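None of these values were measured; they are calculated from a predicted model. Each chain gets a letter, A, B and so on, in the order the sequences are listed, and its residues count up from 1.
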Amino acid sequence: MDDLLSEFLTETSENLSVLDVELVKLEQNPNDAELLGNIFRLVHTVKGTCGFLGLPRLEAVAHAGENILGKLREGEMVASPEAISAVLECLDRIRSIMGDLEATGSEPDGDDSELIRRLNETAEGGAAPAAAPKPKAAPAPAAAAPAPVAAAPAAKPAKAGGPSIYEQVGGMGTIDAVVEVMFGRIMGDLRLKPFFAGASIDHIQGRMRDYLAKICGGPDGFGKVDLNKPHAGAVARGMADEHFDAFAGHLQAALNALEVPAHLAAMVMAIIFASRDEVMGRAEGGSSPTSAAAMQAAEQQVSEQVAVETPVETPIEVEAEPAPAKPAKAPAKAEAKSEGGEAKDSAVANQSIRVNVELLENLMTMVSELVLTRNQVLQILRKQKDSEFAAPLQRLNHVTSELQEGVMKTRMQPIGNAWSKLPRLVRDLSHELKKKIDLVMIGQDTELDRQVLEMIKDPLTHMVRNSGDHGLEGPEERRKAGKPETGKITLNAYHEGGHIIIEISDDGRGLPLEKIKAKILQNGLATESELEQMSEQQIQQYIFKAGFSTAAKVTSVSGRGVGMDVVRTNIEKIGGTVEMRSTQGKGSTFVIKIPLTLAIVSALIVECAQERFAIPQISVVELVRATSTGDLRVERIKDTPVLRLRNRLLPLVSLRNLLKLDGGQQGSEDDTFIVVAQVGTYSFGIMVDRVFDTEEIVVKPVAPILRDIEMFSGNTILGDGSVIMILDPNGIASHSGQMGVSDGQSAEQMAAKSRGQSEEKVPLLLFRAGDGSPKAVPLALVARLEEIERKTIEQSNGRWVVQYRGQLMPLITMDHSQELAAEGARQPVLVFQDGDHSMGLMVDQIVDIVEAKLNVELGAEIPGRIGSAVVAGQATEIIDTGYFLRQAFADWFGSQERDRNVGGQKRLLLVDDSAFFRNLLAPQLSAAGFAVTAVESPDKALALCEAGDEFDIIVSDIEMPGMSGFEFCEAVKRQGRWQNIPIVALSSRASPRDLEKGRDVGFDDYVAKYDRDGLVHTLNSTLTEMRGAA
Amino acid sequence: MSANAANPAEGAVAIGSEDHRDYVTMSIGDQMFGIPVLNVQDVLGSQQITRVPLAPPEVAGSLNLRGRIVTAIDVRLRLNMPKKEDGKPPMSVVVEHDGELYSLLVDTVGEVLSLNMKDYQRNPPTLNARLREFSDGIYRLNGSLLVVLSVGSLLNFGSHKDAA
């Protein structure tokens, strides 16, 4: 394939991408003349280039598309979806022809007449609905047959013998200005400039003016000139059709710029095009066209130009009289803007060159090696003080860094490039699926490595398609769900800590949990009982498994079952991660995190058993040091190490055990560094002996024989020349337990999750005490696990106490026996804490920590138990922390007998800023038969309201930071869907004044905070009242 | 000590002159082995080798050869021979296989011998099964036998996993 052609293919496919985007934009703003102009220009360029290269099929198709655009631009048609569809279809055809062209080097055979006919129909239909469909023209440029009038409105006045165009446009003054503007543009056009080099601009302008005036029916100052004679100069200069087109384009632009009425401008253009053959010397001895004749020929030609123009290099009419070059005149006022734009464009074009990607890749590899060598040298330097190399090496260091940065930059492209296809895709989707979809793109300018860009292009497209197809509902469904009819897909890209984050979110229906479950069962990926045990999030993660499509039917859009698993694989291949959050009814968000570049990643170097390893920085969240004496220490449940990190339990993985490194001694793992890593939503700690620096490393693949070790993602050479393995957090995560599907919660999500719906799993601490049956308490309620030496337990005031952190901590036994278990020197104790109070519950044995759904199935008769639930396959008593707290501190809660609710499951929203009370009340209320959702602030509650959650009753604390309970109640009662939901206040303040204020703002009832049983009672009676009232 | 470029039989592409072929000789314990000289990229002395946890036992680790990462294979273990006792560091013969570099760890590397084809014969059927698997044939030398190692099968771990 010759260079010209490949250049053409590159350029045209770029143009086509731009066109896709622009057309969709146009559809949204049909009146944007500038946009339309741009589109027209692009299509026109495509057509022109095709003609130039002798590609008749492409040219014909492009021309038909251009016809429509021309109509649009002249205001004869509105940019209706049909018109846009037609143009898009035309682009698709061009693309497919180009595909073949690229493959074979020549235009494929094929018949486009059908398409062209339809395009023309669209064009005609828009202009004059009555016009009959016109068969594709035979190559008869000068056909004298009366042409179906395309530019009907434009033609009419002239035919009717009304005032000439010349008079209509405003005489010589206007023409003068047009010529001025036009030449301003021409001089900025690189294609045309050569033709005028050395010519007297003034003179040419003068001729042009006369010519225009003449064809417009004005004074004939041009007629004296023999049209055929002066072309020799131009011929010699090799002017082609393409240039004529460009020339005409400038004239058109000038007409537009000077606000010549559209129909007049169209007529002028028509005449110009009609006279093309004449002026280019094809029509021999033709008489000078009169305005009417030209007009007729023009109209005909405009609509028949398809496949007519033989793209041979033909001369064009330009007066080329050698004369001293003169600078172009200062551009006229009106065209200043557009002219500036042109000039800028071409300047940019001048400053950029096309470079073979491979060349850049090689350069990049070389620079990567250079960086490594630099690191190596620097490392040597560090060991030697006062080396004379220090200064030059410092310079080398800087230069290398800059070089690296520079080369990286050459590979950087705005992510918008990967997105350019999406507006078109979404548009087609919305048409095909009859959904209304809005695509919002934020951060198009975010740059990332070309290679990465290529790799994420397809996953992104796929995910957007998914969002549109599966995620968003039809307008009908959305209306029913109380959402705006138009669904929204948002793409957001931004930099964060050396990574690019891309979010794809939709406000659709979210992932259909039931369908996923059914599919999991159907594909045998998990059993029903396993599903029971899984959190919503875990189940959702299954969409990343191979062969998983929940689309009810395979549409042409998606649902072929090769989906998210490919997306995930592709993203992980480039060292990225993909996370998903989805809320049923509210939409889904995918978060892709990818490194800026593939070649060099920054990695944390750690040591374990004298071996060093690299952990990619992308998955490292933080570093923690645990010691046996400090606040942070490794605790063990059976033999499983865990770390209590900011109120949550972090599973730990010992690198030593994982990699079977013995390293001689079994180092004390109580004194260790912990690398907190995050894979998807699952975070865990990797225990290592030492942590060194972070280093920039070049990831190299491991030898094939080592490839099946999933713990390593690659290896690399460090600055000191040694080879080091790169750990793969994904592999570690999936190896260390049943985390094949990432099932954990990131810390943030954990916090967000403290709304703790009973549907979700909560970590439970399992222990034995008293009668030996397994007991459990939500881990979140336990502040610490302690082992207290028996001999430090003292008796005071008839109770067991221990001196704990400078305070006396009461110790309670499970079964009120005041006997201390005799055996063992240490007493395991669960410490509960709220504010200043802590108390210890003495237990016999701490068994395990498990995640389970806290579904209290049986209420308990024994005080101190909430009820029984199935935990880890065993009936387990869930203990009532509140009861024991009461035992320890009489003032903690009021104590009363609980009464049991007999109503059905009522949805209850609990708003309380204290995590302790939330955790305390939620299980109790759910034991009392409510489906409890707990949130920590009124804001969150109102967000739920907006999000469409429904509740039967709201229980709200009064004293909360930010919005108080009173304000919250007012806000709810003022308006919105929750207006009629009863709200019960819950507070430690229970003065009559408070009661009154509470009633004023709309609380339906008021319960003192400690009166838990009163609360259940009140809730039930309030609900009964409501029912009665309703 | 590079055996690669200096070899006189270089132009003869693995065949050597008419009836002679060139081999890099090496020994493990008392046994002599040979690898066709054109297979050999480098011969290295003792190297710093990074252990690769969880790798098959024959994989001694990875080492850095002028910026390329080379996987070191302990030929002793590969041939089911006992571990080295004398504590001397092994030497490496670097070979390329499927575009990847491997370093074969042997006790010592000897000279390059040009061996006459008439001294060559197929493996005796009674040869140790493991050795037979990795050997192409045997040369009769004066006073000793040289086993020709087949680099391909030596580095083909996939299919022998079960056997091992």
Neighbour count above 12 (heavy atom, 6.0 Å) for A:Phe692 CZ: yes
Criterion side-chain contact (heavy atoms from CB on, under 4.5 Å) on A:Ile717 and B:Ile69, from CA distance to verdict: CA-CA 8 Å; A:Ile717 297 174; B:Ile69 295 177; 3.7 Å; yes
Passing candidate, side chain to side chain contact (heavy atoms under 4.5 Å, CB included) with B:Ser62, options A:Thr716, A:Val702, A:Val723: A:Val723
Spatial distance of atom CD1 (A:Ile705) from atom CD1 (B:Ile73) [nearest 0.5 Å]: 4.5 Å
Heavy atoms of other groups near A:Arg395 CZ, more than 12 under 6.0 Å: no
Which atoms of B:Thr71 approach chain A - backbone, side chain, both or neither, heavy atom under 4.5 Å: side chain
Non-hydrogen atoms of B:Gln48 and A:Ser722 that approach each other most closely: NE2-CB, 3.5 Å
Name of the residue among A:Ile709, A:Leu659, A:Leu655, A:Leu727 meeting side chain to side chain contact (heavy atoms under 4.5 Å, CB included) with B:Pro53: A:Leu659
A:Asn356 CG: over 12 foreign heavy atoms closer than 6.0 Å: yes
Point-to-point distance, once rounded to the nearest 0.5 Å, from CG of B:Leu54 to CG of A:Leu658: 7.0 Å
